[in-house]
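Contents: one structure, followed by commentary.
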Amino acid sequence: MENNEVKKINPEEEVQLTESEIIEQMQVRMDKLAVLKDNGQNPFEQLTYNVTHHTNEIRDNYAELEGKVVAVAGRLLSKRGMGKVSFCDLHDRTGKIQTFTKIDALGEDAYKAWQKLDIGDIVGVEGEVFTTHSGEISIRTTSYVLLSKALRPLPNKFHGLKDMELKYRQRYVDLIINPSVKDTFEKRSAIIKEIRRFMDDRNYIEVETPILNTIPGGATARPFVTHHNSLDIDMFMRIAPELYLKRLIVGGFERVYEIGRLFRNEGMDIKHNPEFTTIECYEAFTDLRGMMELTENMIASCCMKVNGTCDIEYQGKQFCLKPPFARVTMTDAVKQYSGIDFSNIKTDAEAFEAARSKGLEPEAHLRRGEILNLFFEVFVEENLIQPTFICDYPIEISPLTKKKNDDPTLTDRFELFIDGREYANAYSELNDPIDQRERFADQLKKREQGDDEANLIDEDFCMSLEYGMPPTGGMGMGIDRLVMLLTDSASIRDVLLFPTMKSLDK
RNA sequence: GCACCUUUAGCUCAGAUGGUAGAGCAACUGACUCUUAAUCAGUGGGCCCCGGGUUCGAGUCCCUGAAGGUGCACCA
């Protein structure tokens, strides 16, 4: 009995001890903060700092700045104390510079306080630009201000932050400690900026259409459902902006594009995130050929912008993104990689027979065009390494696309493949309202067969076509995947600042 | 959804066959007036992912769960 009681008390004490020990390094920093506050130097009361130069300006204009006094601000990420002299690396958004701090120059009190600074603290440093004996461009500190205190320790600077989960959940730490991460997101920004410039130069206007939809349309995908309280209706996060953008072509804009987030309630993997960014554009009086030219030139422009060349390496493979890209019909591609020539296959029964001859078991309700697409996915896709436009998609899987004038089983559509992945999807847009209603009716049939991703009828969209839409080319492209390709990133999560993660709450 | 893998100090990682946890960096103390992964000496720091079980004894073996990664499925 007594023994048990003793055992009960001891573990409790241990638990309390360990809890305080967990935050050992934080406690040290809190204590330092308390001392600063006692001395009237609360870093969190600082409002501004007059930065005269960024670190790259000092490096780039050293000859001019040598001997001049500059003021820089940033985060301390490395300390090398030598007693009465210490060296630190101060990082700002442009890079880093070494500070050289001497007790003679600062005075004993200020120098002691400088020595108390922690890795991660944000400081403003004023001093003269010079080069150390070992050749490092540095700032000889004459005064400094602690602008913010880091209460948490940063990861080891040599190994960085490697834990994928922590990188994604605490991207701010990843950005502080891993320079290549910042580079990727700077390139992402440059790519999106270049897309805008490219489109604006072609006299497109950028528009914004609803993200909250009452009918999710424009793609075959499961939507996220949400609820509007005062209207008391369920709403859907958009799966594509297509039907809205085409209404704007009806309205007379002639050239519109939208860059924005789409939401699809589907599985996540190395190339899918539930929310992702696309550009979608529509141009009146052009068609699929116009969209091909636009697409390949847009990609090449973005690549030149961030890589300075169209010849790039992605995940160990070489790619040439120089236009024009290859153009192959789906039927020809399927013939090349599977040996089956669908131009000789006219009926659903023949298509099933061909599928079985290749060891495929298509679902019973599939039709010829869907089986052709199945062949494409199974035998062709993974082989499309260099940029290739696959053209002439079957009508069954293209409910918003114009039929080919010379073959009503096919539509005037392409998808762009690079490294076996889809990057863009484009059509000569279907502008025949009667045909469009038939296509929706066909989709409805699919829905009744249990395909909960088939398109819903959007009556207002059909009505807009009845007012007349000019012949139009349209294209949509996944920007995240483009950024992956151009920054040699393996996972979509590496090009999203805050990829979707499960909550840690219980 | 299925399969496999991972989870140990703030970070990066070791911990054969079960015997109460180690290193490097980071932190703390001291030395050091040109270092740059500074160096040297010393010190502290652990709910070994959570919860069960087997066992005299579990970081290690078994079961359940969580989070993450990869592949498949689903899918732009």
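Each chain gets a letter, A, B and so on, in the order its sequence line appears, and its residues count up from 1. Predicted model, so just to flag it, every value in this text is computed and none were measured.
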Rounded to whole Å, the CG-P distance (A/N425 to B/C75) equals 16 Å
Heavy-atom donor-acceptor pair, A/Q25 side-chain to B/A26 base, under 3.5 Å: yes
Side chain of A/E165 - closest among B/G68, B/C74, B/C34: B/G68
Have a look at A/S138 and say if it touches a base, only the backbone sugar-phosphate, or nothing, with a 4.0 Å heavy-atom cut-off. nothing
Ignoring hydrogens and geometry, is there a side-chain-to-backbone donor-acceptor pair from A/E370 to A/R367 under 3.5 Å? yes
In terms of side-chain heavy atoms, does A/H54 have a donor or acceptor partner in A/R59 at a distance below 3.5 Å? no
Rounding to an integer number of Å, can you tell me how far A/I119 CD1 sits from B/A38 P? 8 Å
Side-chain contact check for A/R493: nearest option of B/A37, B/U70, B/A27 is B/U70
Residue A/R140, side-chain atoms from C-beta onward, closest of B/U36, B/A67, B/C34: B/C34
How many Å lie between CG on A/L166 and C1' on B/U6, as a whole number? 13 Å
Would you say A/K162 places a side-chain N or O within less than 4.0 Å of OP1 or OP2 belonging to B/U12? no
Consider the side chain of A/E453, meaning its heavy atoms from C-beta on, and name the nucleotide among B/A67, B/U35, B/C75 that approaches it most closely. B/C75
As a test of reading the structure: which of B/A27, B/C34, B/G10 is closest to the side chain of A/N156, going by heavy atoms? B/G10
Pairwise C1' distance, B/G19 and B/C5 [rounded to whole Å]: 28 Å
Can you list the steps and then say if A/R171 with A/D174 is a salt bridge (Lys or Arg N to Asp or Glu O under 4.0 Å)? CA-CA 5 Å; A/R171 184 67 89 182; A/D174 194 27; 2.8 Å; yes
If you count heavy atoms of other groups shown closer than 6.0 angstrom to NZ of A/K79, is the number above 12? yes
When you measure from the side chain of A/S428 to the backbone of A/D287, do you find a donor-acceptor pair of N or O atoms at a distance under 3.5 Å? no
Just compare B/G68, B/G24, B/C28 and give me whichever is closest to any side-chain atom of A/R169. B/G68
Determine the minimum heavy-atom distance between A/E266 and A/E453, stating which atoms define it. OE2-OE2, 4.3 Å
Classify the nucleic acid contact of A/R152 as base, sugar-phosphate or nothing, counting any heavy atom under 4.0 Å across all strands shown. nothing
Give A/G476 one of three labels, base, sugar-phosphate or nothing, depending on what nucleic acid heavy atoms sit under 4.0 Å from its own. nothing
May A/H133 be described as stacking on the base of B/C34, applying a 5.5 Å centroid limit and a 30° limit on plane angle? yes
How is A/K32 classified with respect to the nucleic acid when contacts are heavy atoms under 4.0 Å: base, sugar-phosphate, or nothing? sugar-phosphate
I'd like to know if A/E136 reaches the base of B/U35 with its side chain, counting only an N/O donor and acceptor under 3.5 Å. no
Paired and unpaired positions of RNA chain B as dot-bracket, Watson-Crick or G-U wobble under 3.5 Å, | denoting a partner strand: (((((((..((((.....[..)))).(((((.......))))).....(.(((..]....))).))))))))....
Between B/C61 and B/G45, how far apart are the P atoms? Round to whole Å, please. 28 Å
Distance between the P atoms of B/A26 and B/G10, in whole angstroms? 16 Å
Euclidean distance, atom CD of residue A/E377 to atom P of B/C75 [Å, nearest integer]: 8 Å
Would you say A/K271 reaches B/U70's phosphate, i.e. side-chain N/O to OP1/OP2 under 4.0 Å? no
With nearest nucleotide decided by heavy atoms, which residue, A/L161 or A/M164, maps closer to the 5′ end of RNA chain B? A/L161
Touch class at under 4.0 angstrom, heavy-atom based, for A/D89 against every strand present: nothing
May I ask you to establish whether A/K358 and A/F375 are in a cation-pi arrangement, using a distance under 6.0 Å from NZ or CZ to the six-membered ring centre and at most 45° from the ring axis? no
Contact residues, residues 103-116 of chain A to RNA chain B [heavy atom, < 4.0 Å]: A/D104, A/K116
Categorize A/G478 for me: base, sugar-phosphate, or nothing, with a 4.0 angstrom heavy-atom threshold over every strand shown. nothing
With rounding to the closest Å, how many angstrom separate the C1' atoms on B/A58 and B/C72? 35 Å
Assign each of A/P153 and A/T131 to its nearest nucleotide of RNA chain B by heavy atoms, then name whichever residue's nucleotide is nearer the 5' end. A/P153
Identify whether any heavy atom of A/R222 sits under 4.0 Å from a base atom; if not, whether one sits that close to sugar-phosphate; answer base, sugar-phosphate or nothing. sugar-phosphate
Any heavy-atom pair between the side chains of A/V380 and A/S338 that's under 4.5 Å? no
Donor-acceptor under 3.5 Å (A/D480 side chain, A/T277 main chain): yes
Output yes when A/D494 and A/K167 qualify as a salt bridge under the 4.0 Å nitrogen-oxygen rule, no when they do not. no
Do A/R188's NZ or CZ and the ring of A/F185 fall within the cation-pi criteria of under 6.0 Å and 45°? no
A/S78 side-chain N/O to B/A38 phosphate OP1/OP2 under 4.0 Å: yes
Nearest to the A/I270 side chain among B/U36, B/G71, B/C75, which nucleotide is it? B/G71
Donor-acceptor pair under 3.5 Å, A/H272 side chain vs B/C75 base: yes
Distance, P atom - from B/C49 to B/C62, rounded to whole angstrom: 15 Å
Relative to each other, are the rings of A/F376 and A/F417 parallel, tilted or perpendicular (30° and 60° limits)? perpendicular
Whole-Å distance separating the CG atom of A/N265 from the C1' atom of B/C74: 12 Å
Under 3.5 Å, is there any donor-acceptor pair linking the side chain of A/T132 to the base of B/U35? yes
If you measure from the C1' atom in B/A66 to the same atom in B/G51, how many Å do you get, rounded? 11 Å
When the C1' atoms of B/A38 and B/C34 are considered, how many whole Å apart are they? 11 Å
Just to be sure I understand the rule, does A/F100 reach a base, reach only the sugar-phosphate, or reach nothing, if contact means heavy atoms closer than 4.0 Å? base
Do any side-chain atoms of residues 157-166 of chain A form donor-acceptor pairs under 3.5 angstrom with protein atoms, and if so which ones, sequence neighbours left out?
unit_1	atom_1	unit_2	atom_2	d
A/D163	OD1	A/E165	N	2.9
A/D163	OD1	A/L166	N	3.1
A/E165	OE2	A/R169	NE	3.0
A/E165	OE2	A/R169	NH2	3.4

Atom CZ of A/F87 and atom P of B/U39 are separated, to the nearest Å, by 14 Å
Using the C1' atom on both, measure B/A14 against B/G22 and round to a whole Å. 7 Å
Does A/R80 make a side-chain N or O approach to OP1 or OP2 of B/U39 shorter than 4.0 Å? no
Could you tell me if A/N178 and A/S180 have a donor-acceptor pair between their side chains, going purely by distance under 3.5 Å? no
B/U70 C1' sits how many Å from A/Y168 OH, rounded? 11 Å
Taken to the nearest whole Å, CG/A/N373 to P/B/C75 is 11 Å
